[in-house]
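When reading the values below, keep in mind they use all heavy atoms of this one structure, side chains included, and skip hydrogens, waters and symmetry mates. Both ligands and their constituent atoms are indexed starting at 1 by order of listing. In what follows, residues are counted from 1 in the order of the sequence shown.
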Amino acid sequence: MAIRHDHWIDGRHTPPEGRAWLPTLDPATGKPGDEIAAGSPADVARAVVAAENARHAWAHRSPAERAAVLHRIADAVEADAETLMELERACTGKVLAQLRLEVETSAAYFRYYAGVVRAAGQGQVIEQGAGVHTYTRYEPYGVVGVITPWNLPLNQACRALAPALAMGNAVVIKPSEFTSVSTLRLAGLAAEAGLPAGVLNVITGTGPEAGEALAAHPGIRRLAFTGSVATGRYLAGVAGGRLLPLTLELGGKSPLVVFADADLDGAVAAAVTALTANSGQVCSATTRLLVEESVHDEVVDRVVTAVAGLRPGVDFGPLITEAQYRKVLDLLADAPVPPATGGGPYEEGSAARGLYVRPTVFARVDPDAPVAREEVFGPVLVTVPFEDEDGALELANDTEYGLVAAVWSGDLARGLRLAERIEAGQVAVNGGPLTVETPFGGYKRSGYGREKGLAALHEYAQLKTVSATLR
Ligand code: ADP
């Protein structure tokens, strides 16, 4: 039986004013899922009023008091992991290991920012000589709007919410209409954990209805958006008109550069992970495999062999939305070379009933082909050979995006040389870990502003200077 979910406003479930709900789908089976409230501008306005009423009291609490609540939210997320995983699975079809990782990381954001805000949430004293006392302080913006996509729903909600709440903001969040339920559940858990009513509000619904109303609402003082370049561009225009500070975390077409002297086992495993982790529906997926010519064919063969053994529904999930499934299949159909493996949907078995796409590798692709330039957001890898370090760098930077890059080389100095010259917000050399502590965000068309790490804490605060003469 499908459950009907209302908004979460001012600490309680609140039906939409328009009394309309939207259907959702289980992409692994094609069966209908729960219904979510179809949010309208009127619903957004109610949520902003609730946040506005709650924000001062929350901001006036000490960092230690806010941190205590954040720790309890992390506890609650961990204790509720099985339910959160099931809610997420039902609308995304994600596999177990991916679900577990995402819920663990979601809790980790609250733990991390609970600690960080106590150590780094304060300003500094500026010495200007005797008779003067000058200092800076970080102050919250007030009501922050957050808009999240469908690929990592709970995870991306927590990535923005934890620093925003830690810094003393109140939030209205609009999750993707395809994957809203885990964010609603989180809001209920946060309330039970002691987050005051109105500090976190969830409005569900479509981008054009609820999302646009949120971005346009005059009570919103800052916006954080993760999603497509097209919507990011639209929101940048809205924010520009209102002089609204904005974080944009958009797409990527990230390179994975492999030199002949690299640990090829590690590099091949990284390439396979780029295909399988959330079935490539990750903005940071390194799906442009650039390989030194002398080992190119060997690396491709090893990736193809590894991919052949992957099982749909066990090792990787389906595409999460019907539109994304169609988009990926269209890109596959237009590829300029035949696939080395994969290349389409499943024709039989249970995977044929869901939105599964075979993990696909296109080898030796023209770097100007659409499949090599556009973000596919699916389990599709393209490979391009290179001759030397300069050639590798040129290919790595030959993209409008700049979110992440990976470099594999037995020569660490060369790895770090490339890391400094690649235009991307994060570069992992030889599998260096990128975690909640490491700032994340785009160069070029991948967006601006930073999520994660200490940098994100200060994204959700404005810096004030106070100077007094002591006379
Ligand atoms: P995708 O194409 O991957 O679904 P979108 O950018 O369309 O990515 O969606 C990301 C988030 O942005 C979702 O929550 C969606 O509802 C929201 N969104 C889409 N269009 C708009 C819009 N015009 N204004 C505000 N939010 C929007």
Side-chain angles (χ1 to χ4, degrees), residues 5 7-8 16 20-25 27 36-41 43-45 47-48 88 91-92 144-161 171-184 186 201-217 220 222-242 244 246-253 278-285 318-328 330-331 355 374-378 401 403 442 445-447 451:
H5 298 272
H7 302 303
W8 181 269
W21 287 263
L22 303 170
T24 65
L25 196 75
I36 56 145
S40 63
D43 297 325
V44 167
V48 174
E88 208 79 302
C91 57
T92 63
V144 170
V146 177
I147 299 176
T148 52
W150 43 257
N151 62 330
L152 306 167
L154 184 69
N155 202 76
Q156 273 153 341
C158 295
R159 189 178 74 185
L161 290 174
V171 179
V172 179
I173 182 168
K174 194 209 81 70
S176 164
E177 55 272 41
F178 301 104
T179 57
S180 297
V181 181
S182 58
T183 305
L184 288 164
L186 172 77
N201 307 276
V202 185
I203 296 293
T204 60
T206 66
E209 276 289 306
E212 287 192 19
L214 182 60
H217 196 289
I220 298 293
R222 195 194 196 292
L223 206 56
F225 171 75
T226 306
S228 64
V229 173
T231 306
R233 187 176 285 129
Y234 165 78
L235 289 174
V238 172
R242 295 188 45 214
L244 193 68
L246 171 71
T247 304
L248 290 179
E249 204 263 87
L250 308 176
K253 188 72 179 178
N278 213 31
S279 293
Q281 299 166 107
V282 190
C283 38
S284 55
L319 297 196
I320 294 172
T321 72
E322 186 95 39
Q324 187 58 27
Y325 180 68
R326 300 275 158 231
K327 182 185 157 200
V328 172
D330 285 351
L331 272 164
L355 304 179
E374 288 177 28
E375 179 178 45
V376 178
F377 226 60
Y401 293 106
L403 198 53
R445 252 183 32 163
S446 291
E451 303 278 1

Novice: Which residue and atom name correspond to the protein heavy atom nearest atom 16 (O) of ligand 1, and how close is it?
Specialist: Glu177 OE1, 2.7 Å
Novice: What atoms of ligand 1 come closer than 4.0 angstrom to any heavy atom of Ile147?
Specialist: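 Matching atoms, with element in brackets: 11 (C), 12 (O), 14 (O), 17 (C), 25 (C), 26 (N).
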Novice: So, is Lys174 polar-close to ligand 1, with some N/O to N/O distance under 3.5 Å?
Specialist: yes
Novice: Show which atoms of ligand 1 fall inside a sub-4.0 Å distance from at least one heavy-atom site of Thr148.
Specialist: 11 (C), 13 (C), 14 (O)
Novice: Out of curiosity, is Ala230 lining ligand 1, as in a heavy atom under 4.0 Å away?
Specialist: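 Checking ligand 1 against Ala230, which is what was asked, there is no heavy-atom contact under 4.0 Å.
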Novice: If I compare all heavy atoms of Ala210 with all of Thr204, which pair ends up nearest, and what's the gap?
Specialist: CB-O, 3.9 Å
Novice: How close do Gly251 and Ser446 get, heavy atom to heavy atom, and via which atoms?
Specialist: O-OG, 2.7 Å
Novice: Who's the nearest protein heavy-atom neighbour of atom 27 (C) of ligand 1, and how far?
Specialist: Gly207 CA, 3.3 Å
Novice: Would you mind checking which non-hydrogen protein atom is closest to atom 4 (O) of ligand 1, with the distance to 0.1 Å?
Specialist: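 Nearest neighbour among protein heavy atoms for atom 4 (O) of ligand 1, to 0.1 Å: Trp150 NE1, 2.8 Å.
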Novice: Kindly indicate, with the supporting measurements, whether the criterion side chain to side chain donor-acceptor pair (under 3.5 Å) is fulfilled by Ser182 and Glu88.
Specialist: CA-CA 6 Å; Ser182 58; Glu88 208 79 302; 2.7 Å; yes
Novice: Is it the side chain, the backbone, both or neither of Pro175 that has a heavy atom closer than 4.0 Å to ligand 1?
Specialist: backbone
Novice: Could you tell me the residue and atom name of the protein heavy atom closest to atom 21 (C) of ligand 1, and the distance to it rounded to 0.1 Å?
Specialist: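 The closest one turns out to be Thr231 CG2, 3.3 Å.
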Novice: Among protein heavy atoms, which lies nearest atom 24 (N) of ligand 1, and at what distance?
Specialist: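 Heavy-atom neighbour on the protein nearest atom 24 (N) of ligand 1: Glu212 CG, 3.3 Å.
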Novice: How close do Thr179 and Trp150 get, counting heavy atoms only, and between which atoms?
Specialist: OG1-CA, 3.3 Å
Novice: How many angstroms lie between atom SG of Cys91 and atom CD1 of Ile36, to the nearest 0.5 angstrom?
Specialist: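 The distance works out to 9.5 Å.
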Novice: Identify the heavy atoms of Phe225 and Leu250 that sit nearest to each other, and give their distance.
Specialist: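 Heavy atoms only, the tightest pair is CE2-CD2, 3.6 Å.
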Novice: For atom 2 (O) of ligand 1, what is the closest protein heavy atom, and at what distance to 0.1 Å?
Specialist: Ser228 CB, 3.9 Å
Novice: Report the nearest protein non-hydrogen atom to atom 25 (C) of ligand 1: residue, atom name, distance rounded to 0.1 Å.
Specialist: Gly211 C, 3.3 Å
Novice: Run the contact test for Phe225 against ligand 1 with a 4.0 Å cut-off on heavy atoms, strictly below, and give the result.
Specialist: yes
Novice: Working note: Arg233 + Arg445, criterion side-chain contact (heavy atoms from CB on, under 4.5 Å); need CA distance, chi angles, decisive distance, verdict.
Specialist: CA-CA 10 Å; Arg233 187 176 285 129; Arg445 252 183 32 163; 4.0 Å; yes
Novice: Which residues pass the side chain to side chain contact (heavy atoms under 4.5 Å, CB included) test with Thr247, not counting sequence neighbours?
Specialist: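 Here the qualifying residues are Arg222, Ala224, Glu451, Glu459.
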Novice: Any side-chain heavy-atom pair from Gln156 and Asn151 closer than 4.5 angstrom?
Specialist: yes
Novice: Should the proximity of Tyr234 to ligand 1, defined as any heavy atom under 4.0 Å, be assigned to the side chain, the backbone, both, or neither?
Specialist: side chain
Novice: Kindly indicate whether atom 12 (O) of ligand 1 is approached by any protein heavy atom to under 4.0 angstrom.
Specialist: yes
Novice: Is Val146 close to Val144 at the side-chain level, that is, under 4.5 Å between some pair of heavy atoms?
Specialist: yes
